[in-house]
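Since the structure comes first, as structure tokens, the remarks are kept for the end.
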Amino acid sequence: MLKLTAVPNRELDLEHVWHQNVQHRGLESRPPLEIESAEGCYIQDAEGRRYLDAMAGLFCVNVGYGRREIAEAVAEQMTRLPYYPLTQSHGPGARLAARLAEMMPKGLSRAYFLNSGSEAVETALKMARQYGRQRHAGQNRYKIIARHRGYHGFTMGALSATGQILRKQAVEPLVPGFFHVPPPDPYRCGFCRREGACSLACAEEIDRVIRMEGPETVAAVIAEPVIGGGGIFPAPEGYLERLREICDRHGALLILDEVITGFGRTGRLFGFEHSAACPDILTLAKGITSAYLPLAAVVATERVFQGFHGDPDSEVKFTQVSTFGGHPASCAAALANLDILTRERLWENSARMGDYLLERLRALDSPRIGEVRGRGLLIGLEIVSDRHDRSPLPEAQMVRLQLAIRDAGVIVGRNNDTVPGYCNVLILSPPLILSREEADTIVSAIVAGLEALGGGETGLQ
Ligand SMILES: Cc1ncc(COP(=O)(O)O)c(C=O)c1O
């Protein structure tokens, strides 16, 4: 122990930590940032350098860093009751489930708690399969329709729903029964180009696949209201409503994955609130605690929940157990976090600052920016080699760009390891407390990064 304390963290890390999605060869010359502390929108590394965290960690620190009231709520809960499983009941779990129901449209009233977004998606998929079979006697409803470029998690089911081959190919084959259709992507959409404007043909593709596969075999359609890590693709107007109609027509459930878009990220409390559509099952994580502790939830409608009601000895209940799902300390963190989110109405700042950032970024005159798109504080910049033929900037240059922006003091994301040839989207997802000055800092760092990359001046307006 004494021996270990004398060794710098960095050496211990390089010797013993297996990092997420990182090629370790070469880390000696470019080690990961060792983040030591954080406050507001800023993080600070072990060498005292400050960065504006325009990714809110991994799309999750919605209320910003350094909120003592969350830490205090957790400490109080851990002293009173550090753990009990939700096979029984505890106050923070009950209060959080009720709080979520209160925030949702009527009907979305049952919460099942887990630890991560992947687990929430995994659970939603299992619920949909079991529900389909129990609700439609004699049918084997197991197929799931998802979209290319969407991300739903790293576990086998959630990864099967994910439409990013670079995240999947090393571990295939995955779970059978998953089908993918094109996402809404007006910048590169083959359908729209033919028709001159968005006709929601990509949504109709879901209807076509369900009919071809046989509706009596389809359990659910899963979609993110805005594809996040896959490259920021907001659902266009009318898209989610069309998905709702298609699901209703074929007796399939609509699962909306709001692991990123939930809790104010898109400028409304939930991403689906930009539409008139309401899901049957909603998956939530990240912003539910602003990542102060791990927690996720599947929220189902009362109708779906009733599909699992039966006699005590019948087999229709949902049999899954999660040891840590709904941990009382995590639920206490979530309750304190949601108090802050609603007291400060942070979705409104997300809408305001999102519009401001979109406006400023769209005004940049750079030969490298093909498109700027987003909703609220979830924004993507499609970076291209050539604006006319829209060819994506090669990944090696995207890495250089991202590092140059970091050198200018701002952490931005990138849709790395998603689909071949199109890992060219810079991603912004800052804390929802972002100020105008901080938004300007992000824009200036992006301009500095583009200038460092070369290939043409970036005009600032
Ligand atoms: C839309 C979506 N679903 C699911 C997940 C998986 O969440 P987690 O990393 O907490 O397992 C993510 C993660 O980024 C996500 O963006």
Side-chain angles (χ1 to χ4, degrees), residues 21 23 54-55 147-151 162-169 180-199 201-202 205 224 226-236 357-375 378-408 410 412-429 442-443 445-461:
N21 201 22
Q23 173 49 259
M55 275 301 288
R147 285 103 45 85
H148 285 132
R149 309 202 69 159
Y151 182 71
T162 294
Q164 304 174 355
I165 190 62
L166 300 180
R167 294 277 165 121
K168 309 205 282 190
Q169 61 194 8
H180 292 87
V181 299
D185 176 10
Y187 187 62
R188 299 188 185 280
C189 176
F191 301 114
C192 294
R193 206 168 305 146
R194 272 201 306 274
E195 296 173 22
C198 179
S199 61
C202 56
E205 196 58 15
E224 298 160 83
V226 179
I227 290 179
I232 314 297
F233 299 98
L357 261 177
L358 279 174
E359 189 189 320
R360 285 225 50 206
L361 292 167
R362 283 179 178 146
L364 294 181
D365 184 21
S366 163
R368 297 285 185 218
I369 300 179
E371 185 183 49
V372 180
R373 54 183 181 247
R375 193 155 285 157
L378 186 57
I379 293 175
L381 292 88
E382 177 109 16
I383 307 295
V384 292
S385 296
D386 182 327
R387 258 208 307 215
H388 301 292
D389 70 9
R390 302 188 176 188
S391 49
L393 194 74
E395 192 152 9
Q397 290 192 62
M398 286 297 296
V399 174
R400 276 184 45 212
L401 174 59
Q402 193 181 19
L403 287 173
I405 297 170
R406 191 171 99 182
D407 287 344
V410 174
V412 296
R414 191 164 64 79
N415 66 332
N416 60 325
D417 296 320
T418 55
V419 293
Y422 292 96
C423 296
N424 64 314
V425 182
L426 276 188
I427 297 178
L428 304 177
S429 175
I442 295 174
V443 176
I446 290 173
V447 171
L450 289 166
E451 301 274 295
L453 188 68
E457 294 274 297
T458 300
L460 264 176
Q461 288 175 19

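Treat the numbers as computed from the prediction; the structure is a model and nothing was measured.
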Inset, instruction - Verify side-chain contact (heavy atoms from CB on, under 4.5 Å) between L364 and V443, making sure each step is shown before the conclusion. - result: CA-CA 9 Å; L364 294 181; V443 176; 4.2 Å; yes
Legend entry - Polar side-chain atom of S366 near backbone of R368 as donor-acceptor pair, under 3.5 Å: yes
Inset, instruction - Could you give me the CA-CA distance, side-chain angles and deciding distance for R188 and Y422, then say whether side-chain contact (heavy atoms from CB on, under 4.5 Å) is met? - result: CA-CA 11 Å; R188 299 188 185 280; Y422 292 96; 3.6 Å; yes
Legend entry - I446 and V410, any side-chain heavy atoms less than 4.5 Å apart: no
Inset, instruction - Assess whether side-chain contact (heavy atoms from CB on, under 4.5 Å) is satisfied between I427 and I232, documenting all intermediate values. - result: CA-CA 7 Å; I427 297 178; I232 314 297; 3.9 Å; yes
Legend entry - Separation of T162 OG1 from R149 CZ (nearest 0.5 Å): 13.5 Å
Inset, instruction - Name all residues meeting the side-chain hydrogen bond (donor to acceptor under 3.5 Å, both in side chains) criterion together with D185; count only those two or more places apart in sequence or in a different chain, and write none if there are none. - result: none
Between side-chain atoms of residues 447-456 and protein atoms elsewhere (two or more places apart, or another chain), which donor-acceptor pairs fall under 3.5 Å?
unit_1	atom_1	unit_2	atom_2	d
E451	OE2	T458	N	2.7
E451	OE2	T458	OG1	3.4

In a table with atom names and distances, give each donor-acceptor pair under 3.5 Å that connects a side chain of residues 396-404 to protein atoms at least two apart or in another chain.
unit_1	atom_1	unit_2	atom_2	d
Q402	OE1	R414	NE	2.9
Q402	NE2	V412	O	2.9

Inset, instruction - Mark yes or no for whether E359, through its side chain, and A363, through its backbone, hold a donor-acceptor pair below 3.5 Å. - result: no
Legend entry - V384 to P367 - nearest heavy-atom pair and separation: CG2-O, 3.9 Å
Legend entry - side-chain hydrogen bond (donor to acceptor under 3.5 Å, both in side chains) partners of R373, counting only residues at least two apart: E371, E382
Inset, instruction - Apply the side chain to side chain contact (heavy atoms under 4.5 Å, CB included) test between C192 and each candidate in P184, C198, C202; give the one that qualifies. - result: C198
Legend entry - side chain to side chain contact (heavy atoms under 4.5 Å, CB included) against D407, all qualifying residues, sequence neighbours excluded: none
Legend entry - Those residues that, when tested against H180, pass side chain to side chain contact (heavy atoms under 4.5 Å, CB included) (two or more places apart): A146, H148, K168, F178
Inset, instruction - Quick one: list whatever passes side-chain hydrogen bond (donor to acceptor under 3.5 Å, both in side chains) with R406, sequence neighbours left out. - result: none
Inset, instruction - Take L428 and L378 through the test side-chain contact (heavy atoms from CB on, under 4.5 Å) and record every step on the way to the result. - result: CA-CA 6 Å; L428 304 177; L378 186 57; over 6 Å; no
Legend entry - OH on Y151 to CD on Q164, rounded to 0.5 Å: 7.5 Å
Legend entry - Which residues share a side-chain hydrogen bond (donor to acceptor under 3.5 Å, both in side chains) with S385, sequence neighbours left out: none
Legend entry - side chain to side chain contact (heavy atoms under 4.5 Å, CB included) against P182, all qualifying residues, sequence neighbours excluded: F191, E205
Legend entry - Gap between atom CG of N424 and atom CG of L393 - 0.5 Å precision: 7.5 Å
Legend entry - Qualifying residues under side chain to side chain contact (heavy atoms under 4.5 Å, CB included), relative to C423, sequence neighbours excluded: L166, E395, N415, T418
Legend entry - R362 side chain to V372 backbone, donor-acceptor under 3.5 Å: yes
Legend entry - Euclidean distance, L358 CG relative to I379 CD1, rounded to 0.5 Å: 4.0 Å
